[in-house]
There are 2 protein chains.
Amino acid sequence: MQVPIKEVVSIFKRNIERDKLRNTPSRITILKAAYSHKGHFNAETIYNTVKGDAQSVSLATVYNTLELLQKYGLVRTHKFSNQHTEYEATLGYAQHDHMICLDCEKVVEFCDPRIQMIRETMGELLEFEVEKHALNLYGHCRKASCEKAL
Amino acid sequence: MQVPIKEVVSIFKRNIERDKLRNTPSRITILKAAYSHKGHFNAETIYNTVKGDAQSVSLATVYNTLELLQKYGLVRTHKFSNQHTEYEATLGYAQHDHMICLDCEKVVEFCDPRIQMIRETMGELLEFEVEKHALNLYGHCRKASCEKAL
DNA sequence: TTGTGTGCAAAAGCTTTGCATGTTG
DNA sequence: CAACATGCAAAGCTTTTGCACACAA
């Protein structure tokens, strides 16, 4: 269920036109770089991906643009246990949550329909309009490949 | 269902002895300060609470000790959307999750038994021993007191 | 006494900001 | 051409680290 990058760009352009912001090469470059990563990435990753290319960008612009993309719902942000903010593309990817191994820090994605029910129940009960959520399960994976951090 | 602080201290001491670590005044002070806060707090909060007291501590020690308390299951840590790590006491407090208002940043606690089922299902499916989880719902509260951040 | 814990200040890491310069519409 | 966006470097914040001194066991 991949969405063509052209369509993503076109959605982005529609958003910035509506907001009377500017369609700059840097922004498009960062958007494309964000969608070229399969899983999670951070600002530094994008910066390094693009650095050296014809259209390279500054780290500050990466941060600014990722925030813009988040406002438009084109990327999600996560705070796992490490220091920096992790991002991921949303369009064409199913809503999902994360299981994180406390030993090897592997991150596995999963879906469970019951989370949607919890959102609805709690939204009603607490009188919130729930917009998004983050569910992280932390544990120990039983894979042989799991290398204990210590 | 408050647990007397004496009991908390005694549990802490038992852990320290088992690990052959040292029972220092600073550690006890920080433990007590952590349990004197009702909700969430951060390292700076603890530091300020204790600063000026007979037994004051350094910020570095606060961080070290909070990490130790987390290992012993005496505090939980959270990363909401703001910069710093938030902590909360666990003993005597029911396991719960958080609803966060994107406008006024209010945090409301809730419980939903279905989260336990998700933990079990996903632990089995993905072959993880789930140890803990964090579920944050983000949305807009409909209270009059809600002041839009902007 | 011995090694662990503490405090202080400096360093580190991620993110934001200020300002002069470039570019878009 | 006016306003917005960018790049660079510096500042900001939270958290970690190094080292000399203090102190629990």
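Worth knowing before you read on, the calculation uses all heavy atoms, side chains too, and leaves out hydrogens, waters and symmetry mates. A quick note: this is a predicted structure, and the numbers were derived from the prediction, not measured. Letters A, B, ... are given to chains in the order of the sequence lines, protein chains preceding strands, and every chain is numbered from 1.
Checking dT6(C), dT17(C), dA24(D) against every side-chain atom of Ser26(B), the shortest atom distance belongs to dT6(C). Listed nucleotides: dA9(C), dT17(C), dA5(D). Nearest to the side chain of Leu21(A): dA5(D). Of the listed nucleotides (dC14(C), dG7(C), dA25(D)), dA25(D) has the atom at the smallest distance from the side chain of Arg22(B).
Heavy atoms of Thr65(B) sit nowhere under 4.0 angstrom from any nucleic acid atom. Across all strands shown, Ser56(A) has heavy atoms under 4.0 Å from sugar-phosphate atoms exclusively, and none from any base. Contact annotation for Asn42(A): no contact, since no heavy-atom pair falls under 4.0 Å across all strands.
Taking a 6.0 Å sphere around NZ of Lys106(B), one finds it holds more than 12 heavy atoms contributed by other residues, nucleotides or ligands. Few gaps surround CD on Glu109(A); more than 12 heavy atoms of other groups in view lie less than 6.0 Å from it.
We find that CZ of Phe41(A) is positioned 16 Å from C1' of dC14(C), with the value rounded to whole Å. Per the geometry, OH belonging to Tyr87(A) stands 6 Å off P belonging to dT15(C), to the nearest Å. As a whole-Å value, the separation of Glu67(A) CD from dC14(C) C1' is 15 Å. Straight-line distance from the NE2 atom of His84(A) to the P atom of dT14(D): 19 Å, rounded to whole Å. dG7(D) atom C1' lies 11 Å from atom CG of Asn64(A), rounded to whole Å. When the C1' atom of dA24(D) is taken as reference, atom CD of Gln55(B) falls 13 Å away, rounded to whole Å. The CG atom of Leu69(A) sits 13 Å away from the P atom of dA5(D) (whole-angstrom rounding). Taking atom OH of residue Tyr47(A) and atom P of nucleotide dT15(C), one finds them 15 Å apart after rounding to whole Å.
The shortest distance between the side-chain N/O atoms of Thr24(B) and the OP1/OP2 oxygens of dT6(C) is below 4.0 Å. Between Tyr63(A) and dT16(C), a side-chain N or O to OP1/OP2 separation shorter than 4.0 Å is absent. OP1 and OP2 of dC8(D) both lie 4.0 Å or more from every side-chain N or O belonging to Ser58(A). OP1 or OP2 of dA5(D) sits under 4.0 Å from a side-chain N or O of Arg27(A). Thr85(A) has no side-chain polar atom (N or O) that falls below the 4.0 Å cut-off from OP1 or OP2 of dC14(C).
Of the residues near DNA chain D, Pro25(B) and Val57(A), the one whose nearest nucleotide (by heavy atom distance) lies more toward the 5' end is Val57(A). Toward the 5′ end of DNA chain D lies the nearest nucleotide of Leu59(A), the other residue of the pair Leu59(A) and Asn23(B) mapping further downstream.
Salt-bridge annotation for Glu127(B) and Lys143(A): absent, with no side-chain N of the basic residue lying under 4.0 Å from a carboxylate O of the acidic one.
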Derivation and outcome, side-chain hydrogen bond (donor to acceptor under 3.5 Å, both in side chains), residues Ser26(A) and Thr29(A): CA-CA 5 Å; Ser26(A) 298; Thr29(A) 298; over 6 Å; no
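The aromatic ring centroids of Phe110(A) and His98(A) lie 6.0 Å or more from each other.
His84(A) and Glu44(A) share no side-chain donor-acceptor pair at under 3.5 Å.
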